[in-house]
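Residue indices begin at 1 and follow the sequence shown.
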Amino acid sequence: MSFGNSSDNDGDSFSFPEVSIPRPVRFWLMLSCDIPSVVCSFCLIIHIIMNRTQRHALHNHTILVILICNLPVQLIDITFYLIFFSYGSILPSQPIVCLIWWFVDYGCYAGELVLMAWLAVERHILIFHDRLLLNRRGRFFFHYLPLIILVTYLLLFYLIVVFLLPCENNYLYTVPVCGQSPCYESYGILGVWESIVHTIMPVLLEGIASIALILRVQMQKRRLRQSNQWRKQRRMIIQLVLVSSLNIGIDIPGSMLLLAHLCGLPAEDGAEAQLYIFFLEYFVVFLFPFILLSQFPDLRKTMKEKLLDVVRRQPHHIVPVTHTRRDIPMNRLA
């Protein structure tokens, strides 16, 4: 397998800014992470949908939407990257491929950030204001409606700005993500709006809401001394802490750098660090389903049993041993 052209194989110089990690290394790293991540994501999605208890649990609904939102990144975005790393160009070299890549790369990434912020806020409602969700009307207005509004808004926004906006795109088929330069980013205030509303604000909101939840839980535990009540909510709290730690740990530096650029920092300052941050952001998607799996012990047990069953069913090749009979002449018998 060849990876791009000879000038790109050393990973030291590219015709367009990329991380200095050689393309073959990035190819195998992304492939080896993406395959188990996709399998784990499908297992979680099927488990939540097919299991009646998990399907009706309100705290699983936003998690389910995030898993579905990440699937296009795992199946389409990463596949386009692997093709690019293998051939050194985008194949097929058509505008529709770039548009689809931009829609998945920008839209699903923003969707994951916004939904993670809502997940952190929603945990406050589920734990401290659960009375709002006791009846059907309350569940619709405080649980389902915000999720529907966020998903609909993000879907319409990126469908319009990527496919329908009357501006001219510049398609670069020899660089990743077609140059990462959709024209809407410089069309009016859309680029600034996306940076602030879809990236910076969700990351900050997620961090503040997650820290506030931990502090609030500790204060309530000491004040009410109802340890049994908090044991029931422990899984939701641990789940949020784990996924938010991963998300914030990687996305906060990028958001702060983006904010600095919006405030006047020259684009070349921090450009190399931003490339590495963009690369590491894919590992949020890769690791997200495995972190969730740690909070589904019944699914873990089922997957382990299935895996062991497959291993036991592997055919064992036994080499047949042929016993040769040697006849003894009669005249040798005394």
Could you tell me whether the SG atom of Cys108 lies less than 2.5 angstrom from the SG atom of Cys69?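 No, no disulfide: SG-SG not under 2.5 Å.
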For residues [X] and [Y], report the shortest heavy-atom separation together with the two atoms involved.
| X | Y | answer |
| --- | --- | --- |
| Ser195 | Leu262 | CB-CD1, 3.9 Å |
| His261 | Ala267 | NE2-O, 3.9 Å |
| Gln295 | Arg300 | N-NH1, 4.1 Å |
| Asn135 | Gly138 | OD1-N, 2.6 Å |
| Leu58 | Leu126 | CB-CD2, 4.0 Å |
| Val19 | Phe279 | CG1-CB, 4.2 Å |

Main-chain N/O of [Y] paired to [X] side chain as donor or acceptor, under 3.5 Å:
| X | Y | answer |
| --- | --- | --- |
| Arg55 | Ile49 | yes |
| Ser32 | Leu29 | yes |
| Asn70 | Val285 | no |
| Thr302 | Asp298 | yes |
| Ser210 | Gly207 | no |
| Asn51 | Thr53 | yes |

Does a side chain donor of either [X] or [Y] reach within less than 3.5 Å of an acceptor in the other side chain?
| X | Y | value |
| --- | --- | --- |
| Asp105 | Tyr282 | yes |
| Asn60 | Gln54 | yes |
| Glu206 | Asn247 | yes |
| Tyr109 | Thr199 | no |
| His143 | His61 | yes |
| Tyr184 | Glu194 | yes |
| Ser41 | Gln74 | yes |

Distance (rounded to the nearest 0.5 Å) between [X] [atom1] and [Y] [atom2]:
| X | Y | atom1 | atom2 | value |
| --- | --- | --- | --- | --- |
| Arg139 | Leu133 | CZ | CG | 7.5 Å |
| Ile196 | Ser255 | CD1 | OG | 11.5 Å |
| Ser37 | Phe290 | OG | CZ | 5.5 Å |
| Leu240 | Leu213 | CG | CG | 6.0 Å |
| His198 | Tyr153 | NE2 | OH | 2.5 Å |
| Leu259 | Ile200 | CG | CD1 | 4.5 Å |

Report task. Determine, step by step, whether Arg123 and Leu119 satisfy the side-chain contact (heavy atoms from CB on, under 4.5 Å) criterion, reporting the C-alpha distance in whole Å, the side-chain angles of both residues, the deciding distance to 0.1 Å, and the verdict. Result -> CA-CA 6 Å; Arg123 289 299 189 256; Leu119 179 70; 3.3 Å; yes
Minimum side-chain heavy-atom gap [X]-[Y] below 4.5 Å:
| X | Y | value |
| --- | --- | --- |
| Glu122 | His59 | no |
| Val177 | Ile90 | no |
| Cys183 | Asn170 | no |
| Ile127 | Met236 | yes |
| Leu99 | Tyr171 | yes |
| Gln274 | Phe278 | yes |
| Val243 | Met116 | yes |
| Val104 | Leu75 | no |

Report yes or no: do [X] and [Y] belong to one cluster of Ile/Leu/Val/Met/Phe/Trp/Tyr joined by side chain heavy-atom distances under 4.5 Å?
| X | Y | answer |
| --- | --- | --- |
| Tyr81 | Ile96 | yes |
| Val121 | Ile208 | no |
| Tyr187 | Leu164 | yes |
| Leu258 | Leu265 | no |
| Leu113 | Ile277 | no |

Report task. Apply the test side-chain contact (heavy atoms from CB on, under 4.5 Å) to residues Leu150 and Val65: give CA-CA distance (whole Å), side-chain angles for both, the deciding distance (0.1 Å), then the verdict. Result -> CA-CA 11 Å; Leu150 290 176; Val65 175; over 6 Å; no
request  = Carefully, step by step, assess Tyr106 and Val162 under the rule side-chain contact (heavy atoms from CB on, under 4.5 Å).
outcome  = CA-CA 9 Å; Tyr106 287 83; Val162 172; 5.9 Å; no
Subject >> Between Phe283 and Phe286, ring centroids under 6.0 Å >> reply: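 Between Phe286 and Phe283, which both carry aromatic rings, the centre distance is below 6.0 Å.
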> With a cut-off of 6.0 Å (strictly less than), are more than 12 heavy atoms of other residues, nucleotides or ligands near CG of Leu307?
Replying inline: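 Above 12, so yes.
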* Do other residues, nucleotides or ligands put more than 12 heavy atoms under 6.0 Å from the CD atom of Gln218? ->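 Yes - once you tally the heavy atoms of other residues, nucleotides and ligands closer than 6.0 Å, there are more than 12.
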Under the side-chain contact (heavy atoms from CB on, under 4.5 Å) rule, what do Leu44 and Leu64 come out as? Steps first, then yes or no, please. CA-CA 8 Å; Leu44 285 165; Leu64 177 63; over 6 Å; no
key: Passing candidate, ring-ring contact (aromatic ring centres under 6.0 Å, His included) with Phe163, options Phe103, Trp102, Phe157   =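 It is Phe103; the other options fail the test.
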